[in-house]
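For reference, the structure is listed below as structure tokens.
Here the structure is a predicted model, which is why all the values come from computation and not from measurement. Heavy-atom basis, side chains included; hydrogens, waters and symmetry copies ignored.
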Amino acid sequence: MASGNGNELMIKDDIFWIGGDDRTAGLFEGSFPVPEGVSYNSYLIMDEKTCLLDTCDISVSAQFWKKLRATLDGRKLDYLVINHMEPDHGAAIVQVIETYPDVIVVGNSKTFDMLYNFYQLKPTNTLEVKDGDVLSLGRHSLRFIYAVMVHWPEVMFTYDEKEKILFSADAFGTFKALSGSLYADEIDFERCYLDEARRYYANIVGKYGAKVQNVFGKLQGTLIDMICPLHGPIWRSQSIGYIMEKYFRWSSYEPEEPGVVIAYASMYGNTAAVAERLAMLLKTKGVRNVSVHDVTRTHPSYVVADAFRFTNIVLAAPTYNNSLHPAMSAVLEDMGIMAVQNRRFSVIGNGSWAPQSPKIMEERLSAMKDMTKVGETFVIKSSMRPEQSEDLAKLAEAIAASL
């Protein structure tokens with residue numbers, strides 16, 4: 001048995017969480033702000049054969065190694081299952097293999113290709129598994145489920161048939177470090193984590209909704225009592241339906257609830273004034289959910305997340321060098337990359353002498369799948385004139401009616 005001096009946590013009689021939190025990182029993947037940190041989860045099964053499921057990010061490697069050694073308590077490591085090769089989960093792979101040279105590395109053909117690409121490593125002992133293959137550890141039998149492009153091509157899930165646990169790689173995870181609770185049902189997830197879970201999905205997995213739906217099909221009829229993701233809290237039976245419903249909706253590109261995200265770029269405050277005024281008009285018309293982002297200060301990932309959440313998108317930006325303000329252009333690029341679709345949109349443009357921004361925004365939004373324009377495009381030249389108040393009110397009315 002584990003000696004228990006490494007702060008490891010038992011999630012079942014012989015299954016342990018050996019992850020860690022990083023509260024120091026500024027960016028995830030060098031792209032996404034993580035102001036509340038991020039957790040990295042790894043799991044160890046102590047059966048007749050021992051099995052490590054994924055490793056960790058370099059930032060938590062000290063925590064990982066302390067827990068791994070304490071839990072093994074002198075036993076050898078028999079298997080290392082690699083569900084996902086991304087370096088935030090694979091940074092310790094080389095050291096694991098060097099420390100336990102007899103370990104059998106379990107993965108699929110793409111896993112081993114990436115293992116060589118990242119680390120120029122060809123392990124001596126490997127077990128290449130195919131979709132549906134089963135590995136027995138003794139009491140536990142692990143079934144491997146390919147989850148191609150959720151969100152990398154080598155991704156697979158591991159299903160423990162004894163305990164009905166799904167080790168789900170990056171799926172069902174979230175930004176934000178753990179706060180003392182390992183399980184989602186021990187916290188107010190909707191208040192504390194949902195926004196970051198949505199932002200994680202929309203910006204990491206969002207493009208691959210059809211692939212997520214494919215995996216839902218593979219899991220049809222599979223009893224799942226626990227989901228163990230590589231980021232964020234563990235899901236137990238009483239909360240699994242909640243996150244499954246969210247993932248099914250997000251991967252179907254169906255909005256969670258009626259509402260409006262207003263994203264604006266503004267050089268001198270005039271475009272911002274229109275966007276803020278529209279938000280107030282929407283509130284007076286009974287629109288409950290209105291989210292406003294200044295994209296010159298807010299990372300595009302927050303706008304993309306709200307685009308996945310709400311039914312309506314409003315973009316407001318000035319013309320810049322006869323094109324679109326760069327911050328808004330970046331938002332639109334990310335929305336396109338992450339396959340925002342099936343939404344209603346409205347446009348507010350500004351241009352002192354040649355307003356090109358509204359045309360550009362409308363064209364780029366219309367190019368996304370199943371997008372419906374609401375109301376007339378609202379255009380100001382430098383600043384909004386008093387006589388334009390009625391037209392802005394009409395736009396607000398059209399948006400409210402579309403909800």
Side-chain angles (χ1 to χ4, degrees), residues 33 35 195 198-199 202 255-320 323-335 340 343-353 355-362 364-365 371-403:
D195 286 348
R198 182 190 302 109
R199 188 165 69 95
E256 286 178 68
E257 55 188 326
V260 184
V261 53
I262 301 174
Y264 71 83
S266 192
M267 296 167 64
Y268 302 110
N270 295 308
T271 309
V274 178
E276 297 286 359
R277 186 167 178 178
L278 176 64
M280 296 182 72
L281 286 169
L282 290 170
K283 284 292 186 179
T284 64
K285 295 181 183 301
V287 179
R288 181 171 175 266
N289 295 311
V290 180
S291 176
V292 181
H293 298 284
D294 176 353
V295 301
T296 67
R297 297 174 179 270
T298 301
H299 192 270
S301 63
Y302 292 92
V303 181
V304 172
D306 274 349
F308 269 75
R309 179 182 179 183
F310 294 131
T311 51
N312 289 60
I313 300 164
V314 179
L315 299 186
T319 302
Y320 194 89
S323 187
L324 181 60
H325 191 286
M328 183 58 72
S329 186
V331 168
L332 277 161
E333 181 177 7
D334 277 13
M335 288 174 60
V340 170
R343 296 296 186 270
R344 306 178 190 114
F345 72 89
S346 305
V347 170
I348 297 171
N350 189 354
S352 293
W353 58 89
Q356 295 298 312
S357 65
K359 177 184 176 183
I360 295 168
M361 287 188 288
E362 186 169 339
R364 292 175 68 175
L365 285 163
M371 302 291 276
T372 303
K373 185 181 177 183
V374 174
E376 296 295 324
T377 297
F378 188 82
V379 181
I380 63 173
K381 288 189 175 182
S382 301
S383 64
M384 181 174 160
R385 301 185 305 275
E387 60 268 25
Q388 290 185 285
S389 296
E390 184 177 345
D391 288 337
L392 188 63
K394 287 179 180 178
L395 178 59
E397 183 66 42
I399 293 169
S402 76
L403 301 181

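- Taking CG from L365 and CD1 from I360, the interatomic distance works out to 12.0 Å, rounded to the nearest 0.5 Å.
- Nearest heavy atom pair, residue S291 against residue F310, reads CB-CE1, 3.8 Å.
- We find the CG-OH distance between D294 and Y264 to be 4.0 Å, quoted to the nearest 0.5 Å.
- With sequence neighbours excluded, the residues that form a side chain to side chain donor-acceptor pair (under 3.5 Å) with D195 are R198.
- For T271, the side-chain contact (heavy atoms from CB on, under 4.5 Å) partners are S266, A316, P318, N350, not counting sequence neighbours.
- Shown here are the side chain to side chain donor-acceptor pair (under 3.5 Å) partners of Q388, two or more places apart in sequence or in another chain: there are none.
- S301 is linked by a side-chain contact (heavy atoms from CB on, under 4.5 Å) to F32, P33, R199, N203, H299, counting only residues two or more places apart in sequence or in another chain.
- Counting heavy atoms from C-beta on, the side chains of M280 and V290 never come closer than 4.5 Å.
- Sorted pairs that involve residues 265-275 and meet salt bridge (Lys or Arg N to Asp or Glu O under 4.0 Å), not counting sequence neighbours, are lacking altogether.
- Taking 4.5 Å as the limit, some side-chain heavy atom of I313 sits within range of a side-chain heavy atom of M335.
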Could you list the donor-acceptor pairs under 3.5 angstrom formed by side chains in residues 391-403, with sequence neighbours left out?
residue: E397; atom: OE1; partner: K285; partner atom: NZ; Å: 3.1
residue: S402; atom: OG; partner: N312; partner atom: ND2; Å: 3.0
residue: S402; atom: OG; partner: I399; partner atom: O; Å: 2.7

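- Separating the OG atom in S346 from the CG atom in L278 is a distance of 8.0 Å, to the nearest 0.5 Å.
- Heavy-atom minimum distance, M328 versus A263: CE-O, 3.3 Å.
- Counting all heavy atoms, side chain and backbone alike, K283 lies closest to N289 at NZ-N, 4.4 Å.
- Within the 4.5 Å cutoff, the side chain of D334 has no heavy atoms near those of the V340 side chain.
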Donor-acceptor contacts under 3.5 Å from residues 377-385 side chains, at least two apart:
residue: T377; atom: OG1; partner: E362; partner atom: OE1; Å: 3.0
residue: T377; atom: OG1; partner: K373; partner atom: NZ; Å: 2.6
residue: S382; atom: OG; partner: S352; partner atom: OG; Å: 2.9
residue: R385; atom: NE; partner: E387; partner atom: OE2; Å: 2.9

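- Smallest separation of non-hydrogen atoms from T319 and Q356: OG1-N, 2.9 Å.
- With a 4.5 Å cut-off on side-chain heavy atoms, E333 and R364 count as touching.
- Closest heavy-atom contact between S357 and L324: CB-CD1, 3.7 Å.
- In this structure a side-chain-to-backbone donor-acceptor pair under 3.5 Å is missing from R344 to V314.
- Taking the side chain to side chain donor-acceptor pair (under 3.5 Å) definition, one finds that R343 meets it with nothing, sequence neighbours left out.
- Residues forming a side chain to side chain donor-acceptor pair (under 3.5 Å) with R277 (at least two apart in sequence, or on another chain): S389.
- Looking at residues two or more places apart in sequence or on another chain, you find a ring-ring contact (aromatic ring centres under 6.0 Å, His included) between Y320 and H325.
- When atom types are taken as modelled, the side chain of T298 and the backbone of H293 share no donor-acceptor pair closer than 3.5 angstrom.
- Sparse packing is recorded around CD of E376, with 12 or fewer heavy atoms of other residues, nucleotides or ligands lying under 6.0 Å away.
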